[in-house]
Colleague: 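Sharing a structure with you now.
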Amino acid sequence: MNLAGPVDPPMDAGLARAARLQRVRDQMREMEVDALLLSLGADLPWLTGYEAMPLERLTMLVLPVDDHATLVVPELEASRVDHDPRLFEIRPWAEHEQPTELVAALVGHRTRLAVSDRCWASHLLELERSIPGAAWRSAREVVGPLRAVKDSHEVAALRAAGKAADTVAAALLGGEITLIGRTEAEVSADISARLRDAGHDRVNFAIVGSGPNSASPHHEPGPRIIGKGEVVVCDFGGTLRLGDGVGYCSDITRTVVTGEPEPELLELFGVLHFAQAAAVAAAVVGTPCEQVDRAGRELITAAGYGKSFIHRMGHGIGIEEHEDPYMVAGNSSPLVAGHAFSVEPGIYLSGRFGARIEDVVIATEDGPLACNEADHRLAVVET
Ligand code: ZN
Ligand code: ZN
Ligand code: ZN
């Protein structure tokens, strides 16, 4: 396994987006889609660099397979668009205009349309009325598999985000973050502040589950005061912007214990540690995604903890915290160089304690590349 080395300089963001646009058009031709309509969600910033606010006012990139793309955007938002005329035109709409009519005019005679998953139903219903006879499908079918394969710009951004999260994990493992006597919520706020200090522009989550709460994978950090000799699972991540690019996500989980671990925890953690490494090692280009899940799950099951591993092995990660591809039974699509995803087995003994280890990994021609290199061992933190 490669460890995260120095971050390569990213390619020019405009060139990267032009290449993505080309790949999308090729895919549209292949899938016989005449026009792509992208509203909220990550496809829009991935292609244009512009992240639309989730307003009720319509923002939509109209991308015909055979013509220029046009961003239909509320006039009051237009100044936030870093407009690159090589990639798309911009059509700001005033408050008295009907934006869905503008979209319909840009779509013209085209009828095979794909629309983003995150488009308000109200807009889609209006579009269906304005463009009668159109056949609709999800833009995710077109863009999802392309966005799952990260280019060098995105790999650099993910590695930078991973490095930033690693510094916070190191502080946790090294006992710099006080646990004993503080509430989970206080520790969560501390982790969040450190994620920002480490360069994240936004904190997406900072789960802190202590004692019996460590057995709840998505535990909401609360008023429980962390005691001595307890397991604490910390799962945190944010979004980091590299240069003037769009932000990319980090996501890491480490498990610590605030005192001498009991033998059962040591045994459980040993299995988990081994399973996580096995799943990472399985993440080789050409391997079905579900095999990454299976490689780790088999070991956990063989050790008798199969029923206590209650979620998939991992999720894709990029502009969104969770995106394609998913490392889950049933996903037989092969790993491609550039796929970025989490590897995060967990074992949860309900009402008692649990543990999870998570890294973000990128599949490369040279094998799996970890974006996180913080120590995986169970750290005893007596602070
Ligand atoms: Zn999760
Ligand atoms: Zn996580
Ligand atoms: Zn995750």
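Any value given below was found using the heavy atoms of this structure, including those in side chains, with hydrogens, waters and symmetry copies removed. Numbers here simply count residues along the sequence, with the first being 1. Quick caveat, the model's predicted, so the values are computed rather than measured.
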Colleague: To the nearest 0.5 angstrom, please state how far the CZ atom of F353 sits from the CG atom of L265.
Modeller: 5.0 Å

Colleague: With heavy-atom distances below 4.5 Å as the criterion, would you say the side chains of R20 and L146 are in contact?
Modeller: no

Colleague: State which residues pass side chain to side chain contact (heavy atoms under 4.5 Å, CB included) with T287; sequence neighbours excluded, sorted by chain then number.
Modeller: V284, Q291

Colleague: If you count the non-hydrogen atoms of other residues, nucleotides and ligands that lie under 6.0 Å from CH2 in W120, is the total more than 12?
Modeller: no

Colleague: Do you know which two heavy atoms are closest between L40 and M53, and how far apart they sit?
Modeller: CD2-O, 3.5 Å

Colleague: Please report whether the ring centroid of H311 lies less than 6.0 Å from that of Y348.
Modeller: yes

Colleague: Measure across S130 and E101 and return the closest heavy-atom pair with its distance rounded to 0.1 Å.
Modeller: OG-OE2, 3.3 Å

Colleague: Is the closest side-chain heavy-atom distance between L63 and L21 below 4.5 Å?
Modeller: yes

Colleague: Regarding R17 and D84, does a basic nitrogen lie under 4.0 Å from an acidic carboxylate oxygen?
Modeller: no

Colleague: Quick one: are V233 and T255 in side-chain contact, heavy atoms under 4.5 Å?
Modeller: yes

Colleague: Given side chains that start at C-beta, do those of H123 and M60 come closer than 4.5 Å, heavy atoms only?
Modeller: no

Colleague: Just so I know, are the side chains of V360 and S250 near enough to count as touching, which here means a heavy-atom distance under 4.5 Å?
Modeller: no

Colleague: Counting C-beta onward and ignoring hydrogens, is there a side-chain heavy-atom pair between E220 and E184 closer than 4.5 Å?
Modeller: no

Colleague: Ignoring hydrogens and angles, write down the donor-acceptor pairs under 3.5 Å from the side chains of residues 70-80, residues two or more places apart or on other chains.
Modeller:
unit_1 : atom_1 : unit_2 : atom_2 : d
E77    : OE1    : R80    : NH1    : 2.8
R80    : NH1    : Y50    : OH     : 3.2
R80    : NH2    : E51    : O      : 3.4

Colleague: Quick one: closest heavy-atom pair of A169 and R254, and the distance?
Modeller: CB-CG, 4.2 Å

Colleague: Could you go through the side-chain contact (heavy atoms from CB on, under 4.5 Å) check for L335 and C289 one step at a time?
Modeller: CA-CA 6 Å; L335 282 174; C289 289; 3.9 Å; yes

Colleague: Got V149 and R23 here, is their nearest side-chain heavy-atom distance under 4.5 Å?
Modeller: yes

